[in-house]
There are 2 protein chains.
Amino acid sequence: MPRVSSRIPGVEGCAVERTLSLIEGKWKIIVLYKLLKGTLRFNELRRLMPLVTQRMLTHQLRELEADGLIVRTVYAQVPPRVEYSLSARGRSLEPVLMAMKEWGDTNLSSQGAQAA
Amino acid sequence: MPRVSSRIPGVEGCAVERTLSLIEGKWKIIVLYKLLKGTLRFNELRRLMPLVTQRMLTHQLRELEADGLIVRTVYAQVPPRVEYSLSARGRSLEPVLMAMKEWGDTNLSSQGAQAA
DNA sequence: CATCACGGTATCCTTTTTGACACTATGGGC
DNA sequence: GCCCATAGTGTCAAAAAGGATACCGTGATG
């Protein structure tokens, strides 16, 4: 996933593209959604998303962390304890997620939408 | 690009994911952006996005059309004339695009953001 | 007669993304 | 002594996405 999709200076969509590049990735949006409601541990996330493989979840979490959208806190315990929560930056994405959710709720009603 | 990312009924993020799945794809967002300002012909789009290959542009346009976000109008002329414009559904995505643009403008200021 | 513009297709190849599966350390419970 | 849970990692392979390049028909233009 290219962190920067376009380097052409004159492209107006640049900011949008760059924003998109942070939230595309198969499970990132769900992760952000779940974390909107509060901090979660790794396996709590897994249980909430049974279809994600461990490797994928780790991978997506690492990217979200690298992009500064989530915070990873490790507690030095022996059954390891790692908590994930939104950073301020991640929380600021809420309007974007909500705009997408509203659009989806309105335009992709119950079935697969008229043109999908 | 899977048109439907998740079929799990209980996943709240579903609408968001499905919305995302319509606008991810390397050039779709730019296309939608350009079309927000008005109808464009195929080669006008190409000239506005010099780095997109013809094949890719065609491909993205076809998908946007299949998803009902844009309308393709062919005029039976001999230098062929094909116009693309947003459908009502496509135009209704404007709040989503704008939310992303605002977030990007605010959080990805000038350089590559602090954590990218 | 050759070339250009238009709006594409077709084919092949590379890169990126995703998935399957096995493996790790540690300490506690049985 | 064996298995469980936690939070991963590593390797390999498949699938998807994207890119390079060449080609198509038509009519006007030179």
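Using a 4.0 Å cut-off, no side-chain N or O of B:Q77 falls inside it from OP1 or OP2 of D:dG27. For the OP1/OP2 pair of D:dG8 and a distance below 4.0 Å, the side-chain nitrogens and oxygens of A:R72 include at least one atom meeting the criterion. The phosphate of C:dA5 (OP1 or OP2) has no side-chain N or O of B:R41 nearer than 4.0 angstrom. Look at A:R47 and you'll find a side-chain N or O under 4.0 angstrom from OP1 or OP2 of D:dT6.
Rounded to whole Å, the distance from CD on A:Q60 to P on D:dG8 is 14 Å. In this structure, B:H59 atom NE2 and C:dC12 atom P are separated by 17 Å, rounded to whole Å. Between B:E83 atom CD and C:dC6 atom P the separation is 13 Å, expressed in whole Å. Rounded to a whole Å, the CZ atom of A:R46 is 13 Å from the P atom of C:dG19. For the pair B:I30 CD1 and D:dG18 P, the interatomic distance rounds to 12 Å; values are reported in whole Å. Atom P of nucleotide D:dC4 and atom CG of A:N43 are separated by 15 Å, given to the nearest angstrom. Spacing between atom CD of A:E44 and atom P of D:dA5 amounts to 15 Å, rounded to whole angstrom units. Look at CG on B:L61: it is 15 Å from C1' on C:dT9, rounded to the nearest Å.
The two atoms that bring B:T39 and B:E44 nearest to each other are O-OE1, 4.4 Å, heavy atoms only. Smallest separation of non-hydrogen atoms from A:L108 and B:A15: CD1-O, 4.2 Å. Of all the heavy atoms in A:A99 and B:P95, the pair that sits closest is CB-O, 4.2 Å. The heavy-atom pair separating B:L22 from B:K28 by the smallest distance is O-CD, 3.5 Å. Taking all atoms of both residues into account, the shortest heavy-atom contact from A:S92 to B:N107 is OG-OD1, 3.8 Å. Between A:R81 and A:E83, the shortest heavy-atom distance links the atoms NH2-OE2, 2.9 Å.
Within 4.0 Å of B:Y84, counting heavy atoms only, lie sugar-phosphate atoms of the nucleic acid but no base atom.
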Problem - Residues B:W27, B:L57; criterion side chain to side chain contact (heavy atoms under 4.5 Å, CB included); working and verdict - result: CA-CA 7 Å; B:W27 309 98; B:L57 183 54; 5.8 Å; no
Problem - Annotated protein contacts, base or backbone, on nucleotides 19-25 of chain D with a non-hydrogen cut-off under 4.0 Å, one of B, S, - each - result: BB-----
